[in-house]
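Proteins get letters first, then strands, A, B, ... in listed order; numbering begins at 1 in each. Just the heavy atoms: all of them, side chains too, but no hydrogens, waters or symmetry mates, feed the values below.
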Amino acid sequence: MYKFLKKGRVAVSILITVAVTLAFLFFSNRETDIFNGFLKIQFVPALLGVFTGSAIILVLLTALTLLFGRVYCSTICPLGTLQDATSRTASLFKSKKSRRFKYSAPKNLMRYLILGAAGIPLIFGSSAVIAFLDPYSNYGKISSEITGRLEQYVHNLLSTVFPDTIFFRSYSVFIAGSFIFALAFLILVLAMSALRGRLYCNTICPVGTLLGLVSKFAAFKPEINRESCNKCTLCVTNCKAECIDLTNSTIDESRCVGCLNCMTVCKKGAVTYKYSWKKSGEKNEVTANAASEPVPASSGRRDALITMGLVGTFLAVKAVGKVAPLAAKPKKDGIAPPGALSIDNLKSNCTACQACVTACPNGIIKPATGEYGTDGLLMPVLSFDKHFCGYDCNVCTQVCPNGALVPLEIEEKRLTQIGKVRFNLKKCIVFTDKTDCGACDEHCPTKAITMIPWGDEGLFIPKVNRNICIGCGGCEYVCPAKEKAMIVEPNEVHAIAQKPKEEKQEKVKVDEFGF
Amino acid sequence: MERRNFLKAALLGSIAGAVQLKPENVFARESKEAPGQNDLVAVMGGEPEVMYKRGIAAMGGMKAFVKKGQKVVVKPNIGWDKKPEFAANTNPQLVAAIVKDCLAAGASEVVVFDHTCDEWQACYKNSGIEAAAKAAGAKIAFAHDEKYYKEVDLPMGLRLKKAKIHESIIEADVWINVPVLKNHGGAKMTMSMKNYMGIVWDRGYWHANDLQQCIADCATYSKKPVLNIVDAYRIMTQNGPKGKTTNDVVLAKAMFISSDIVAADTAALKFFNQFREMKMEDVSHIGKAAKFNIGTTDLDSIKVERIKI
């Protein structure tokens, strides 16, 4: 039965990883959003999006962990699957001896410190630390920066082979910091998994640590039957979590990722899932038998309770909506994508997975470097250098799994004011060169910019109505002046712009050509 | 390889351009002497395909402009991510009718493209032009990256002396310019000459260097369209060139066809002026182009046929 289960687990994990990866690749995320659904079933997005539609997913993920332990880590987490694949590939190049895993003691201090470092800022309304530690979001960064760029090169290579059917894709904006982080993280994870299986998941990953704590209460736990076990160590050498301690015949459920390897390799059938929610009397019997247990079960459970208290606090604070910002004067120079609601909301909920960055059809969303300050690194910020925000586009708001960008209908999006334009007359071509231009007016979707007569030479100059400007950046992008005359200033808190006025025209009856 | 191909194409292009320039000039001079041949046809009152059919017949039929085996480009305005009823782009039915006609006249291939302003895939799709042109048998060319453009000289240009022009125009034997008639915040009006902004890569340069002059300068490019077909089925009379709502649009049901780009734009402007006041001198690129002698603003000096359906 376990063999069958394992095959199922491998199949599901590959399916999810492929779907998540595709969600970050241009050719699949352009025309369809089915792959983006797989982003929403990830743990941290579900936790952060708990009040924006992901509550059910969070409950399901918690229930799954309460039933079977950390199976999330080996089925749903794409980074976990990447590590398994690496570990497996690496084993092909290893000697028989070095291929074997050994039991290693838990590095609890490190795990809980990292969990605290990632989790506590969340209570204070900052997702800045978790953004660099969440396995899904980092997998997203790798998909966007490494896999996505590779895909782009392949695509453009194909476009030279089939110039009529495959179009050349202009290269996406390169942010060195974002690329270097993704690359460094990828190398770290690949190295750790090639050498030591799920070492990353059991020492660094805060999601792994948190779910490990929940696993202590799981209904079904892997157990070694001491009577049938002949201590052949086959399970230990195949345990990539390195959590099977044969000296004491125990399995550390907080580190077990439920990969089912031990159960499938055991020739005696001694490793199995056992129902653990027995009545206390029976339980005592079991623990009495294991007299030499090194760590009293109660200490682990205490840690777990403290942590869950903190998660509860996080949820409570989030529910009440009172958030104490960490920095006294947060930096807010960037324009947040539509749906972000405010830069504070973005900084509280975004884990910089880059789903919006890769999904933007106009390629104007880039990972922030300094625009939002240090607590907003790599979070999405708009840049109007290469294009502007499409009036009839709401793609970024649809793909965000965290609720850092809330879904907007097209109608809402058209009125969502992410910034307001400021017009600098002295830099305008019409003013400096005394020639027609009007590029800004041409691109303005709401007619916040109109051209009005100026001077006696039949020239027209832009006039701005900031109340109906939505900050799409069409004017800023297209302004041909050396120093832009149109600059969009960010709205710290997004607003609702006034509806553009309807201008009915009088009907003119024309029967002649006019010449 | 690519360099050689490019040089070849450039050479062929310039020969084709030179060859083409001649008959057109001759044609312009001789037209008055050859009765029955119209210089400009204005049509009014029908559906796009019907007006086109009548109009092109009065111009002598597509075979007079497209020869058997020629590679043809049909260049509509697909600048904006707007549906046909907003009149921000050329009417897709008209584009399809022209494509079919070119193929019927023996064109070896017909290519349709535009350098869009909004995101290109959305424009191609929502304008309805990609689907209509493909169904009619045209090839859709990509035009969203600088890679698809090649530099050409504009020796007559005053402000615009060089421009990167889309490769399909450079490689084509003939091209047909199919703008839509609109009010325009910057250029005042957008018609045939303004439609050249969709065959070049760097439009920002035009805006920064006397837009009206650059529009006229680019119209001097040696490879001129064999036909300019101004779509005035729906016209945008305000808030152009992008428009806000269908309130900006008037159903005018007209079309202007001419090989003389200046005459086509003059006629279209005079027609537009009946809906909303627009002075010739404000749309100064028309006058500037006339100064280059690439066409005439004097509609009385050419043979015009007016067709009402």
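Between Lys308(B) and Glu512(A), at least one side-chain nitrogen of the basic residue sits less than 4.0 Å from a carboxylate oxygen of the acidic one, meeting the salt-bridge criterion. The pair Asp118(B)-Lys82(B) fails the salt-bridge criterion, with no side-chain N (NZ, NE, NH1 or NH2) lying under 4.0 Å from an Asp/Glu carboxylate O.
Ranked by heavy-atom pairs under 4.5 Å with chain A, the list Arg276(B), Glu281(B), Lys188(B) is led by Lys188(B). Taking chain A as the reference chain and counting heavy-atom pairs below 4.5 Å, the highest number among Asp282(B), Asp210(B), Asn239(B) is found for Asn239(B). Between chain B and the options Met451(A), Lys447(A), Glu457(A), Lys482(A), the largest number of non-hydrogen pairs under 4.5 Å is found for Lys447(A). For the set Tyr205(B), Phe256(B), Trp206(B), Phe272(B), the entry with the most heavy-atom pairs within less than 4.5 Å of chain A is Phe256(B).
Between the side chain of Asp436(A) and the backbone N or O of Ala187(B) there is no donor-acceptor pair closer than 3.5 Å. In this structure, Gln505(A) contributes its side chain and Asn247(B) its backbone to a donor-acceptor pair below 3.5 Å.
Residue Pro380(A) is tested with Cys360(A), Pro367(A), Cys356(A) for a side-chain contact (heavy atoms from CB on, under 4.5 Å); the sole match is Cys356(A).
Aromatic pair Phe384(A)/Tyr477(A): centroids not less than 6.0 angstrom apart.
In this structure, chain A has a heavy atom under 4.5 Å from the side chain of Lys139(B), while its backbone stays farther away. For Asp433(A), the part sitting under 4.5 Å from any heavy atom of chain B is the side chain, from C-beta outward, and nothing else. Contacts between Val304(B) and chain A at a heavy-atom distance below 4.5 Å involve the side chain alone, from C-beta outward. Only the backbone of Ile307(B) has a heavy atom closer than 4.5 Å to any heavy atom of chain A. Neither the backbone nor the side chain of Val283(B) has a heavy atom closer than 4.5 Å to any heavy atom of chain A. Neither the backbone nor the side chain of Ala254(B) comes within contact range of chain A; no heavy atoms are under 4.5 Å apart. Both the backbone and the side chain of His443(A) have a heavy atom closer than 4.5 Å to some heavy atom of chain B. Pro462(A) does not touch chain B: none of its heavy atoms, backbone or side chain, sits under 4.5 Å away.
Because its NZ or CZ atom is both nearer than 6.0 Å to the ring centre of Phe431(A) and within 45° of the ring axis, Lys434(A) counts as a cation-pi partner of that residue.
A heavy-atom distance below 4.5 Å is found between the side chains of Thr116(B) and Tyr124(B).
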